[in-house]
Each structure stands twice: as structure tokens, then as C-alpha cells.
Amino acid sequence: MKSTKVICLGEALVDRLGPIGGDPAVDQHIQDCLGGAPANVACGLARLGVDVAFVGCLGTDKIGDQFEDLFISRGVNICGLQRHQTFPSRIVLVKRDLDGERTFGGFEGNHQSGFADHALQIDALKESWCSFASEAKWLVMGTLLLAEECSREAVAWACDKALKDGLQIAIDLNWRPTFWNVSFEPDSSPSKGICSLVMTFLEKATLLKLAKEEAYWFFNTADPDQISKSLPKRPSVIITDGPNPIRWLLGNFVGESIASSPSSIVDTTGAGDSFMSGLISQLLSYPLNLKNLAQAENSIRFAAGCGALVCSREGAIDPQPTYEEVEKFLLSFEQE
């Protein structure tokens, strides 16, 4: 088994994509794609040649089997993968507009009984931790597992253990209202209680990635420097805004970078996760004590290229690029 450099902790699920301009709950043709932000990041890192482990919970169902096969084929360490005997793997309904932009429209199946991703068990996590974490440098996670007490307890333990062992923690805020309450509308803002709960985890971050609207919801500003100064660890902060410029504070350097764009956008699902994969892969080579602005700019540029390439095809995992494909794309992007 290869030494793990990055641990990705969180959900693995199926994105059920509806037809462009349609509704996956009622319209055909639908397409099921394996996804979930931490699973996407793990697969993206593996595609870029990084040794990575995935920690999460799936059902003992066909989806769980497909994920196991996928992780194994990509070379992802699955010693921390749990399988739940009762709860099924989650299927998320994803609507896409005519420009490929997506919104999340709830879940397929009996969501009242629960889904496996929110059933991550702390005791099993403690038992398996040493089998994949002994040489890890980063813990990468989202915030969706914080919505349920069981998985929130496991995530809290993992964060504390990572900090004790000297790992850096990267968090993608990734606000998805329906994971917290299925009655919430897809564009609902977080309550004060949810903001307060999530903030206790953001305070542990070395690196924080969030969308512009999430920045305003949780911090009332989209200034990366202000957000960083509001948190005790003064983390690096990346703020994405769709096709608009990326605002960032990386180490001691601040900047604004143009988001790369493929020739055609088919589906934006997983673009932010591919960005995170690209960024973490760069920070393994250039730690957050970056020596100059050029290193910071190149890291953001590479990450943006990873995100752009995922938008050129359907799904979040299949289109993920290799290191060589990103370099080739960025070279062609510069020559336009």
C-alpha cells in the first residue's frame, strides 16, 4: 500500500443528472454519475498522481459496489471506507439549465429513513485511522456530514486527530440546504444556528474554499483577507464565482485570477471539486509558506484548469484530467 499524502473525508453519492433544461425527477433522459465532493476530490487527486485515501460511508448496494470498484481502479486507499447494512447510498437529483449550470433538487428514495453518508461511525473510523493516516499531510473535507449528529461526531474526531498529528485541514464550505433539511429550498440561506455550528469547524481550517454567495452568508464579505483575519488560524481563503475571477489569499499573497474556460460547457457539477484537487496537488509541492507571488498564481492557475476541464463532459469524476492534460490545456489557453 502506498503512503497516503491526502485524506478526503465525507460523502460519496450519485448525481442523477436531468436533461439540459429538464427535471431529473420526471424527465428523460437521465444520467447517473458517481460524485460527492470528497469522493470527487479523492478521485481527482489520484488522477493527478497523488496518493490519497477516502473516508466515508456507503450502503451495501450497487452504488457502494460501483464506488469501491472506482476507488480501486484509481488507486485510492479505501481502508477508511465504511458500508452500512441498512441505509442506502444517496442519490441527488441535479437540474441543469441551458448553460450547464446546476441546482440540487432533493433526493431519490425514502429520505426519511436516512442515507449511508450521514451514518459514518466514529468507532470504526478510530479503528481504521492508522491504516491510512500515518504519513498524511492534508485532511480535505466538506461540511455536509455536519448535518447529522452521528457523522458530525466522526468528523469532529477526525479534525482533532488531524490537528494533533500535524496535518493541515482544507475545508470546502459547500452549503447544500437540502442535506440539512429536505424541506429547504435549494437556494435557502443557512440559519444562525447552522452558521454557528459550521463555524466551529471552519476555525480548524488551514485552507478554506467557498463560493461568493457562501462567503456572504457565513462571513458577510467576499474579501479573502477579511475572512482569513476573522478565523483563529488565519487560513488561506479561495473564493470562486462561477466564470468570474477567482479571489484568493494563499499564504502571504493575495490576488485575483481569471477562471479558465473550456470551448464548451456541458455540466459544471464537480468543477469546484476538481479545482480543489488541483490546488491541493500543487500545495503538496509548494506548501502554504509560498516563497513568491508566482508560485501562488501558478497554483491557482493549475487548479482553475482542472476545474475547467471537468465542465467539458457530463459528471464530476469521468472527465477529471491527468497532470499532463491540465498542462496541455493551460498552454492552449494561453495561446488563444
Side-chain angles (χ1 to χ4, degrees), residues 1-12 36-58 67-83 120-142 145 151 153-172 201 204-209 233 235-236 238 250-251 273-291 295 298-299 302-303 306 317 320 322-323 326:
M1 187 71 69
K2 296 181 292 185
S3 298
T4 297
K5 295 295 188 294
V6 181
I7 302 166
C8 294
L9 168 66
E11 68 279 0
N40 294 341
V41 175
C43 289
L45 282 165
R47 196 65 169 264
L48 293 169
V50 175
D51 296 331
V52 59
F54 175 77
V55 177
C57 188
L58 286 157
F67 265 110
E68 278 209 23
D69 291 342
L70 170 67
F71 289 142
I72 291 170
S73 70
R74 288 280 178 100
V76 175
N77 184 319
I78 57 171
C79 291
L81 176 62
Q82 301 176 19
R83 302 290 295 272
L120 186 66
Q121 300 294 311
I122 186 173
D123 290 340
L125 178 58
K126 289 179 179 180
E127 185 176 338
S128 64
W129 186 263
C130 290
S131 63
F132 57 79
S134 60
E135 296 187 34
K137 304 299 182 185
W138 281 89
L139 172 67
V140 180
M141 56 172 278
L145 295 197
S151 51
E153 183 183 17
V155 172
W157 180 87
C159 287
D160 290 342
K161 178 64 173 171
L163 290 174
K164 181 180 178 181
D165 292 346
L167 276 69
Q168 300 191 79
I169 298 178
I171 299 180
D172 186 344
F201 287 83
K204 306 173 189 292
T206 308
L207 170 69
L208 175 60
K209 174 185 166 293
K233 285 187 169 294
S236 292
I238 314 294
L250 203 55
D273 305 326
S274 187
F275 179 100
M276 180 69 94
S277 299
L279 182 59
I280 295 297
S281 76
Q282 295 298 290
L283 294 180
L284 286 168
S285 300
Y286 300 112
L288 285 173
N289 57 348
L290 295 155
K291 293 181 172 57
Q295 285 182 348
N298 287 337
S299 296
F302 184 88
C306 291
I317 292 177
Q320 289 172 335
T322 63
Y323 189 93
V326 180

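In what follows, residues are counted from 1 in the order of the sequence shown. As a basis for the values below, the full set of heavy atoms in this structure was taken, side chains included, without hydrogen atoms, waters or symmetry mates.
Using modelled atom types, no side-chain atom of D165 and backbone atom of L167 make a donor-acceptor pair closer than 3.5 Å. Within the 3.5 Å criterion, the main-chain N or O of S299 finds no donor-acceptor partner in the side chain of Q282. Between the side chain of T4 and the backbone N or O of A133, no donor-acceptor pair lies under 3.5 Å. No donor-acceptor pair closer than 3.5 Å links the side chain of Q121 to the backbone N or O of C57. In this structure, S151 contributes its side chain and L120 its backbone to no donor-acceptor pair below 3.5 Å. Side chain of T206 to backbone of I169: a donor-acceptor contact under 3.5 angstrom is found.
For W138, the ring pair (Phe, Tyr, Trp, His ring centres under 6.0 Å) criterion is met by no residue, not counting sequence neighbours. A search for salt bridge (Lys or Arg N to Asp or Glu O under 4.0 Å) contacts involving K204 returns D160, not counting sequence neighbours. Residues meeting the side-chain hydrogen bond (donor to acceptor under 3.5 Å, both in side chains) test with E68, sequence neighbours left out: R83.
Each of L283, D172, I171 was compared with L207 under the side-chain contact (heavy atoms from CB on, under 4.5 Å) criterion, and only L283 meets it.
Atom NZ of K5 has more than 12 neighbouring heavy atoms from other residues, nucleotides or ligands inside a 6.0 Å radius.
Taking the six-membered ring where the residue is Trp, the centroids of Y323 and F302 are separated by under 6.0 Å.
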